[in-house]
Amino acid sequence: MVRKAIIPAAGYGTRNLPITKAIPKEMLPLGLKPAIHYIVEEAVQSGIEQVLIVTSKSKSSILDYFDHSMELEALLRSKNKEYMLKHLELPKIRVFFIRQPYAKGLGDAILLGKEFVGNEPFGVLLPDDFVISNQAPALKQLMDVFKETNRDVIGLKQVKQDQLKNYGVIKGSNKANHIEIENIVEKPKNDPPSNLAVIGRYIFTPEIFKCLEDVEEGVDGEIQLTDAIKGLLGTQSIYGKIISGDRYDIGILEEYVELMNIMSKK
Ligand code: G1P
């Protein structure tokens, strides 16, 4: 059973500058809730019981958001505004935090979750990526494959040719209900191995940590999760699952605005 998940939220958010000078990308509003609220909700709806959010310097607002505000609750009560208390409700889950001291990349951020995870399979949700689906939440879709196969599972989506350079891209072969991954390349500059890009949902077993410890700096001089996955492919099979639903990347302004419109109506 997958009970734990890591949400890496330590990046600089350069694609969303200048607002991210002062507001972490994960705190950008979607309606009146910050983006990360919905990511944590997705974890809850997928059956996750504990999440670890990896933050960095100047991202204390994420911790503040997931804290209870006694003053605010007392104030609303004293002003007979109990009906507003529902706006302070948080996703019902235990939230842990750790800070990434150096901006060494996604792989390094995940490695910080090693002690939190212990000896269990775990999920990863990248908070840039949103999936709006009328089926199960994106992470749950992967968990269903994990339950059936007991293999690490990576969320995939078909992406336009000219966009593939922004993603991890896989080469794989079709199996009954999933794809067997044969190779994975981070942000291919040319000759992407397919049009199937990694979107930010994963289920891993703790073996990934050993590979993360072994990988060297890759694309952009960072410790890349993709390189650790590639290392793992040498020792075990890893499956991909094309996630059903519409994907939005909040690092792309047009997609953020579109998502904002959708979430504002919810
Ligand atoms: C990360 C991963 C990449 C993946 C992408 C999904 O890249 O390294 O493999 O395809 O997330 O959003 P980033 O967006 O952090 O550059």
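Counting convention: from 1, in listed order, for ligands and their atoms alike.
Taking atom 11 (O) of ligand 1 as the reference point, the nearest protein heavy-atom neighbour is Leu126 CD1, 3.3 Å. Residue, atom and distance of the protein heavy atom nearest to atom 15 (O) of ligand 1 are Lys187 NZ, 4.6 Å. Shortest contact from atom 4 (C) of ligand 1 to any protein heavy atom: Val198 O, 3.5 Å.
Taking every non-hydrogen atom of Thr226 and a distance limit under 4.0 Å, the qualifying atoms of ligand 1 come out as 9 (O). Close contacts of ligand 1 with Gly168, meaning ligand atoms under 4.0 Å from a residue heavy atom, involve 3 (C), 4 (C), 9 (O), 10 (O). Interface atoms of ligand 1 facing Asp129, defined by a heavy-atom separation under 4.0 Å, are 6 (C), 12 (O).
Any N or O atom pair closer than 3.5 Å counts here, and Glu186 shares at least one such pair with ligand 1. An N or O contact shorter than 3.5 Å is missing between Asn166 and ligand 1 by distance.
Taken from CZ in Arg77 to CE in Met84, the straight-line distance is 13.5 Å, to the nearest 0.5 Å. Rounding to the nearest 0.5 angstrom, the gap separating the CD1 atom in Ile39 from the CD1 atom in Ile250 is 7.5 Å.
Among pairs with a residue in residues 14-30, those fulfilling salt bridge (charged side-chain N to carboxylate O under 4.0 Å, His left out) read Arg15-Asp128, Arg15-Asp249, Lys25-Asp128, Glu26-Lys59, at least two apart in sequence or across chains.
Hydrophobic cluster of Leu17: no remaining members, since no ILVMFWY side chain lies below 4.5 Å from it.
When atom types are taken as modelled, the side chain of Lys4 and the backbone of Phe116 share a donor-acceptor pair closer than 3.5 angstrom.
When distances from atom 13 (P) of ligand 1 to the protein are checked, a heavy atom turns up under 4.0 Å.
Using the six-membered ring where Trp is involved, Phe130 and Tyr38 have ring planes that are perpendicular, over 60° apart on the 30 and 60° scheme.
Ligand 1 lies out of reach of Leu225, whose nearest heavy atom is not under 4.0 Å from it.
No option in Ser194, Ser173, Ser237 other than Ser173 meets the side-chain hydrogen bond (donor to acceptor under 3.5 Å, both in side chains) test with Glu182.
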